[in-house]
K.L.:
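Quick one: the structure is below, questions incoming.
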Amino acid sequence: LPQLQKGDFVIIQFGHNDAGPINDDSRARGSIKGTGNETEEIDNMVTQKHETVHTYGWYLKKMIADAKEKGAVTIVLSQTPRNEWPDGKVERVSETYSKWAKEVAEQTNAVFIDLNELVAKKYESLGKVSIKTFFPKDHTHTNLAGAALNAKTAAEGIKANRHCELSAYFSNKTSKELSMFTPVREDIVTQYGAVGDGQTLNTKAIQSAINHCSAYGGGVVVIPEGIF
């Protein structure tokens, strides 16, 4: 924040950690749901300090206010979706964190980009099997290919928003580059049944990963640490 200058652009995205516990002995990163002024007093089990916890919207408003005080232009993104598919559709947060982020952006005259919805639509167009390769560790954190898709989608959303001053910096050349960009997909052999224990015969599993990668236009077949 001290390095911000007038005319800088600040892109803000909160949400994934806010849904967690407000106080526990592992992370204690949660916030109160909503956009109001409610507070909760806790003795943080991680930091061992007393703390006043505010709502999700309160923290977002503070970040926007602090940036605007320095003369920066603020852009609020709703959070990227997780790899969760209830009823065959990507899970949205349109009634919670996306809704609250939009409300705060409108209240503070910040630009809002509904990245949650934009990325969810792309995930659904690619399909559940393909999207699984973007999440090798858990349902929240993507690999490089998934991050590239999310970044490309954010750039497209900013460029398409006529109220966003940053969109003026996207030229026709930029549009062409974005349309040509395809994230490098990764197929990890363990997702196809390979086991790196030095004993399991992994020929079929590795070949399945190669075949799947080829069927979707190429990419990288990843063999993690182990003896395959």
Side-chain angles (χ1 to χ4, degrees), residues 1 4 7-22 29-40 52-126 131 134-135 139-142 146-170 174-175 178:
L1 189 63
L4 274 182
D8 284 349
F9 292 94
V10 178
I11 300 175
I12 306 169
Q13 184 187 64
F14 294 166
H16 282 302
N17 289 320
D18 289 84
I22 290 177
R29 298 177 182 174
S31 61
I32 300 171
K33 293 178 173 59
T35 61
N37 292 317
E38 304 95 314
T39 60
E40 182 175 333
T52 301
V53 179
H54 299 269
T55 65
Y56 167 81
W58 186 93
Y59 289 110
L60 197 53
K61 289 174 188 175
K62 186 177 189 309
M63 183 69 187
I64 293 170
D66 288 347
K68 285 193 170 189
E69 187 177 5
K70 302 284 288 188
V73 178
T74 52
I75 302 169
V76 177
L77 305 181
S78 56
Q79 67 193 62
T80 53
R82 292 184 169 95
N83 186 29
E84 297 284 356
W85 297 70
D87 302 318
K89 294 286 187 179
V90 175
E91 184 177 52
R92 270 80 162 172
V93 289
S94 54
E95 295 302 315
T96 53
Y97 293 99
S98 289
K99 175 186 175 183
W100 301 330
K102 182 179 181 181
E103 289 175 352
V104 169
E106 291 175 345
Q107 292 167 9
T108 58
N109 199 30
V111 174
F112 175 70
I113 306 294
D114 194 357
L115 191 61
N116 186 258
E117 179 64 25
L118 294 173
V119 173
K121 288 180 177 178
K122 286 195 175 184
Y123 282 2
E124 288 169 352
S125 69
L126 290 169
I131 295 306
F134 290 164
F135 295 87
H139 66 350
T140 301
H141 302 92
T142 68
L149 184 145
N150 291 338
K152 175 178 181 287
T153 306
E156 291 170 342
I158 290 170
K159 184 181 184 302
N161 191 308
R162 61 186 178 87
H163 300 294
C164 183
E165 295 179 42
L166 186 57
S167 65
Y169 292 87
F170 288 82
T174 306
S175 299
L178 285 173

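Predicted, not measured: the structure shown is a model, and the values here were computed from it.
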K.L.:
Check S98 against S94 and note the closest heavy-atom contact, atom names and distance.
P.N.:
CB-CA, 3.9 Å
K.L.:
Mind listing the closest non-hydrogen atom pair of F135 and N83 along with its distance?
P.N.:
CD1-CB, 3.5 Å
K.L.:
Taking all heavy atoms of F170 and all of I158, pick out the closest pair and write down the distance.
P.N.:
CE1-CG2, 3.8 Å
K.L.:
Extract all donor-acceptor atom pairs below 3.5 Å that involve side chains of residues 69-78 and protein atoms in other chains or at least two apart in sequence.
P.N.:
residue : atom : partner : partner atom : Å
S78     : OG   : D114    : OD1          : 2.8
S78     : OG   : L115    : N            : 2.9
S78     : OG   : N116    : N            : 2.9

K.L.:
Which residues pass the ring-ring contact (aromatic ring centres under 6.0 Å, His included) test with Y56, sequence neighbours left out?
P.N.:
Y97
K.L.:
First locate atom OH of Y169, then atom CZ of F9, and finally report the distance between them rounded to the nearest 0.5 Å.
P.N.:
5.0 Å
K.L.:
Donor-acceptor pair, distance only, cut-off 3.5 Å: does the side chain of E124 make one with the backbone of V90?
P.N.:
yes
K.L.:
State the OG-CD1 distance between S167 and I113, to the nearest 0.5 angstrom.
P.N.:
9.0 Å
K.L.:
Quick one: side-chain hydrogen bond (donor to acceptor under 3.5 Å, both in side chains) pairs with a partner in residues 99-111, sequence neighbours left out?
P.N.:
K61-Q107
K.L.:
Can you confirm whether more than 12 heavy atoms, excluding those of N17, are under 6.0 Å from its CG atom?
P.N.:
yes
K.L.:
Nearest 0.5 Å, please: how far is CD in E40 from OG1 in T52?
P.N.:
10.0 Å
K.L.:
Say whether, by atom type as modelled, one donor and one acceptor occur between the side chain of T153 and the main chain of L118 under 3.5 angstrom.
P.N.:
no
K.L.:
Is there a donor-acceptor pair under 3.5 Å between the side chain of N150 and the backbone N or O of A147?
P.N.:
no
K.L.:
What distance do L4 atom CG and K68 atom NZ have between them, rounded to the nearest 0.5 Å?
P.N.:
13.5 Å
K.L.:
With a 4.5 Å cut-off on side-chain heavy atoms, are I32 and Y59 touching?
P.N.:
no
K.L.:
Could you go step by step and tell me if T80 and T142 meet the side-chain contact (heavy atoms from CB on, under 4.5 Å) rule?
P.N.:
CA-CA 10 Å; T80 53; T142 68; over 6 Å; no
K.L.:
Is it the case that the side chain of H163 and the backbone of F112 share a donor-acceptor pair, with hydrogens and angles ignored and the cut-off at 3.5 Å?
P.N.:
no
K.L.:
Of all heavy-atom pairs between K152 and K122, which one has the smallest distance, and what is that distance?
P.N.:
NZ-NZ, 3.6 Å
K.L.:
I'd like to check R92 versus K121 (side-chain heavy atoms, cut-off strictly below 4.5 Å). Are they in contact?
P.N.:
yes
K.L.:
For P81 and E91, which heavy atoms make the closest approach, and how far apart are they?
P.N.:
CB-O, 4.0 Å
K.L.:
Of all heavy-atom pairs between V111 and A105, which one has the smallest distance, and what is that distance?
P.N.:
O-CB, 4.3 Å
